[in-house]
There are 2 protein chains.
Amino acid sequence: MSKPRSRRGGGRPTIADVARKAGVGAITVSRALREPGRVSEDLRRQIQAAVDELGYVPDPNARALASARAEVFGVLVPSLTNNVFAEVVRGIYDSLSDSPFRIQLGHTHYSGLEEERLLQVFGPQRPAALIVAGIDQTPTSRRLLETAGCPVVQVMETGSDPVDMLVGFSHLDGGRAATEHMIEAGYRRIGFIGARMDPRSQRRLAGYRAAMETAGLFDPRLVTTTPVPSSVPLGRELFRDALAKMPTLEGVFCNNDDIALGVLFECHRAAIAVPKTIGITGFNDLDMMQSAFPSITSIRTPRYEIGRRAVAMALAAISGKRPEQRIVDLGFELKRRESTAR
Amino acid sequence: MSKPRSRRGGGRPTIADVARKAGVGAITVSRALREPGRVSEDLRRQIQAAVDELGYVPDPNARALASARAEVFGVLVPSLTNNVFAEVVRGIYDSLSDSPFRIQLGHTHYSGLEEERLLQVFGPQRPAALIVAGIDQTPTSRRLLETAGCPVVQVMETGSDPVDMLVGFSHLDGGRAATEHMIEAGYRRIGFIGARMDPRSQRRLAGYRAAMETAGLFDPRLVTTTPVPSSVPLGRELFRDALAKMPTLEGVFCNNDDIALGVLFECHRAAIAVPKTIGITGFNDLDMMQSAFPSITSIRTPRYEIGRRAVAMALAAISGKRPEQRIVDLGFELKRRESTAR
DNA sequence: CAACTTACTGGTAGCGCTACCATCCTCTTT
DNA sequence: AAAGAGGATGGTAGCGCTACCAGTAAGTTG
């Protein structure tokens, strides 16, 4: 006889149940939960009591449908097994853990097409914000981002033409700084070793090249790259290749720390003295760099901070007050260590 | 004059638009998309044409509300910066990339309370399945999992009493195998070095202890642990501590590869011969283990495969046919390398 | 050939919530 | 004291989709 409460819902309390128990309208419950300031102290308390007693939790799906906005941050990174992005993602999570926002993560596998596909999947969900790695989206992806109807933060790089907002640092400057440091340290025949060679690695290479050319030291035979995903074993291999190509090599700037570690291990194995015979510089400064023997010079990148900052900017934009700075350059820091102390 | 299509929706085509264009009922469109087999060839084609022309994409939020089931996998891991879980998560993503399921990831930060909180957040979304790391949930978490109303897969361990399904391997056996290997290799005063000491590390320690006791070699002073998160620098520190406590140490079984690498670096720095003076065994077998100099013995764990298998089991359960095997032990493999070749 | 399946297809009625607008109070202002 | 402003509250009408059930046409059975 009583109304057959929710055939599908499984009997969880709804906002109507709370409203009835608190003796108010459903919409007032909704408001009390979302904008407490707009409901009187009295009702707010009454409603809270009813919520607690019933164990009411709003249905995020219903909420998303009614408001045409899901409390979800879409996050797109190339890879999660790459420690670098894992840290950015960690910064994002940490910044969002006290908010109502959930996180939906996607891997592009360094593929523009995959990125497009994921954006197409994310879009219909109407996320509250999108955070994507890099600035080299395909035209389609860029259009999808522009028409997403939510704040967009591109991360990991700097540039002058973000879709919306941008937080990162200059990989080109990082590559240049690393190379200049090695030149100053007295190395001359400095090689570049790079795996994966995604756009960020390309820019590091460009920075390396700029520094080498400025010093009149550039030689294409010094450059060893591969599209293969980066790993420590690959670092060893590439270094062997580089050395075979150019036996008089004096040092290498590696596009990341995994490669650098591989180079170090190969030097150990081949009894090549580091930093005396070969100098090594990495990129990102994972914590193992400082512990290695010898410790490895690297470019410290603000990965965690990038994640935090991206969320802060997105959150500001969501609440209406767009940050005055749409482009934030968090910089990097050269960590001089034993591996380049000639 | 014409009906003011969707004040909130932003003008994206709806299922009604497709139905009108294809000259069929909305429900038939819905069916054609979800269960093509139940719609005649003719209509299916017509509907597909309308979908393509309008660029219709179903609204996942509306879908979730109407069906009381979101196409989302909830995934709970302790940490993402830990390479081990990153690989499990990668396996999950790879297995789900061709499915309609999205992934919602949560970090517990190795905290039971945080896990409870996340489960409370995930629940109301009505996920299609839940994948959680570990079997040591709090009673509250366990109840939340049991009442989630969807398949649940616990991963990373084995055990006899899963909430629903379980994929992993035995950390205890892994710890024992690593230790037995070192004993066989001729080491006697074998230490255990462990950071973080989450339940899985505890079980590895238990395995170490069992092997040592069986061989009559156990001594509590051989065990060095800390709740501090694991890292390479920490591995160095802990090894120094262990050595200070027990200068006659002959080898160490490390609770993971980061620690092992730290130990190796410290040995290099202190000019301690590996494997002659000190033997080293790690756990997980990250790819840098094989590249290290000397290469480091480790227990290879099927992390990626665990992720894939977990998804496969969840998918099977969703489609009604629960796998006959609710508990899957994927085992591990001892990788003998130079660091224990006395 | 009536009765009964077995495909298909569609209408109706929500899912649980919020946007929009109306209403009802205060409390100011002139 | 009338008019206006502003805050608090509620009713109504969906958001876009799918569960449920009904209905129709075609094939099957005795």
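Every chain is numbered from 1, with letters handed out A, B, ... down the list of sequences.
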Strictly below 4.0 Å, N to O, side chains only: are B:R63 and B:E71 in salt-bridge contact? yes
So A:Y93 and B:L105, do their side chains get closer than 4.5 Å, heavy atoms only? yes
Measure CD/B:E41 against P/C:dT9 and give the value in whole Å, please. 11 Å
Could you check how far CZ of B:R126 sits from C1' of D:dT18, rounded to whole Å? 14 Å
Do A:N83 and A:E87 have side-chain N/O donor and acceptor atoms under 3.5 Å apart? no
May I have the distance from B:E35 (atom CD) to C:dC8 (atom C1'), rounded to whole angstrom? 13 Å
For atom CG of B:L43 and atom C1' of D:dT24, their distance in whole Å: 14 Å
Contact between A:I131 and A:F73 at the side-chain level, heavy atoms closer than 4.5 Å - yes or no? yes
For A:I47 and D:dA8, give me the distance from atom CD1 to atom P, rounded to whole Å. 13 Å
Checking C:dC17, C:dA19, C:dT9 against the side chain of A:I15 (C-beta onward), the nearest is C:dC17
For B:D161, is there an ion pair with B:R142 - N to carboxylate O distance below 4.0 angstrom? yes
Separation of atom CG in A:N61 from atom C1' in D:dC17, rounded to whole Å: 12 Å
Five pairs per end, C1' atoms only: what is the angle between the end axes of the helix from C:dC1-D:dG30 to C:dT30-D:dA1, to 10 degrees? 40°
Salt-bridge contact A:R308-A:E305 (side-chain N to carboxylate O under 4.0 Å): no
Nearest heavy atom decides the nucleotide; on that basis, is A:S40 or B:A62 closer to the 5' end of DNA chain D? A:S40
Phosphate-side-chain proximity, A:R34 and C:dA19, N/O vs OP1/OP2 below 4.0 Å: yes
Given C:dT18, D:dT18, C:dG16, which nucleotide is nearest the side-chain atoms of B:L65? C:dG16
Which of the following nucleotides, C:dG10, C:dG16, D:dT9, is nearest to the side chain of A:A66? C:dG16
Is a donor-acceptor pair below 3.5 Å formed from side chain A:R31 to base D:dG10, judging by atom type as modelled? yes
Round to a whole Å and report the spacing from CZ of B:R69 to C1' of D:dC17. 16 Å
Nearest listed nucleotide, side chain of A:T28, among C:dG10, D:dC17, D:dG10: D:dG10
Which nucleotide in D:dC17, C:dC20, C:dT9 has an atom nearest any side-chain atom of B:V39: C:dT9
Starting at CD1 of A:I27 and ending at P of C:dT18, how long is that distance when rounded to a whole Å? 7 Å
Contact check, side chains of B:R117 and B:V121, non-hydrogen atoms, under 4.5 Å: yes
Whichever of A:S30 and A:R38 has its nearest DNA chain C nucleotide further upstream toward 5': A:S30
